[in-house]
Amino acid sequence: MDINDTIKQQLSENPILLYMKGTPQAPQCGFSAKTVQALMACGQRFAYVNILDNDELREGLKVYSNWPTYPQLYVNGELVGGCDIILEMHESGELQEVVDSAAEATEDNSGA
């Protein structure tokens, strides 16, 4: 499987997915830490991928997304943005709406 297929699979399996440096419990950069805090404040489950564990993924995702930096938040397979955008959305309440909508759609599809 090539790296684009891997990325597409990850995005299709996870409605809220954060590509970050480190893990939510141990972020490896301040931008990832701030993004995780904003996401956790929304109260919905999200998946993450530690891009430091996979050089091919780290480089391939930059090309796939046409976004050069991390973290990168995807909701329903679409790039939402990086740290600055996520923090602005969190401040305005928009992040909560986007995340809640994706979580509700997941619950509807799973029959929960």
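Note that the structure is a prediction, hence the values are computed from the model and not measured. Atom set for the values below is all heavy atoms of this structure, side chains included, hydrogens, waters and symmetry mates excluded.
Looking at heavy atoms from C-beta onward, Lys21 lies out of side-chain contact with Pro27 at the 4.5 angstrom threshold. In this structure, the side chains of Met20 and Phe31 stay at 4.5 Å or more apart for every pair of heavy atoms. Residues Pro15 and Val75 fail the side-chain proximity criterion, which asks for heavy atoms closer than 4.5 Å. At a threshold of 4.5 Å between non-hydrogen side-chain atoms, the residues Thr6 and Tyr64 do not count as touching. Proximity of His90 to Gln37: side-chain heavy atoms (C-beta onward) are nowhere separated by under 4.5 Å. Side-chain contact between Leu18 and Ile86 is absent, with no heavy atoms from C-beta onward closer than 4.5 Å.
Atom CG of Asn76 and atom CG of Leu11 lie 10.5 Å apart (nearest 0.5 Å). Note: Ser65 OG to Ile7 CD1 = 7.5 Å, rounded to the nearest 0.5 Å. Atom OG1 of Thr35 sits about 12.0 Å away from atom CE of Met40, to the nearest 0.5 Å. Cys42 contributes atom SG, which lies 7.0 Å from atom CG of Asp100 (distance to the nearest 0.5 angstrom).
Between Ile16 and Ala103, the shortest heavy-atom distance links the atoms CD1-N, 4.3 Å. Nearest heavy-atom pair across Gly22 and Asn50 is N-OD1, 3.0 Å. Smallest separation of non-hydrogen atoms from Leu17 and Val49: CD1-CG2, 3.9 Å. Heavy atoms only, all atoms of each residue included: Gln96 and Ala41 are closest at OE1-O, 3.9 Å.
At distances below 3.5 Å, at least one donor-acceptor pair connects side-chain atoms of Tyr70 with backbone N or O atoms of Arg58. Ser12 places a side-chain N or O within donor-acceptor distance of the main-chain N or O of Gln9, the cut-off being under 3.5 Å.
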side-chain hydrogen bond (donor to acceptor under 3.5 Å, both in side chains) between Gln10 and Tyr19, worked out | CA-CA 10 Å; Gln10 290 172 339; Tyr19 289 97; 2.6 Å; yes

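Under the 4.5 Å side-chain heavy-atom criterion for ILVMFWY residues, a single connected hydrophobic cluster contains both Leu61 and Ile85. Leu57 and Leu79 fall within the same hydrophobic cluster, where Ile, Leu, Val, Met, Phe, Trp and Tyr residues are linked whenever their side-chain heavy atoms come under 4.5 Å apart, directly or through other members.
Environment of NZ in Lys34: sparse, with no more than 12 heavy atoms of neighbouring residues, nucleotides or ligands closer than 6.0 Å. Environment of CG in Asp2: crowded, with over 12 heavy atoms of neighbouring residues, nucleotides or ligands closer than 6.0 Å. The number of heavy-atom neighbours closer than 6.0 Å to CZ of Phe46, taken from other residues, nucleotides and ligands shown, is above 12. Taking a 6.0 Å sphere around CD of Gln25, one finds it holds more than 12 heavy atoms contributed by other residues, nucleotides or ligands.
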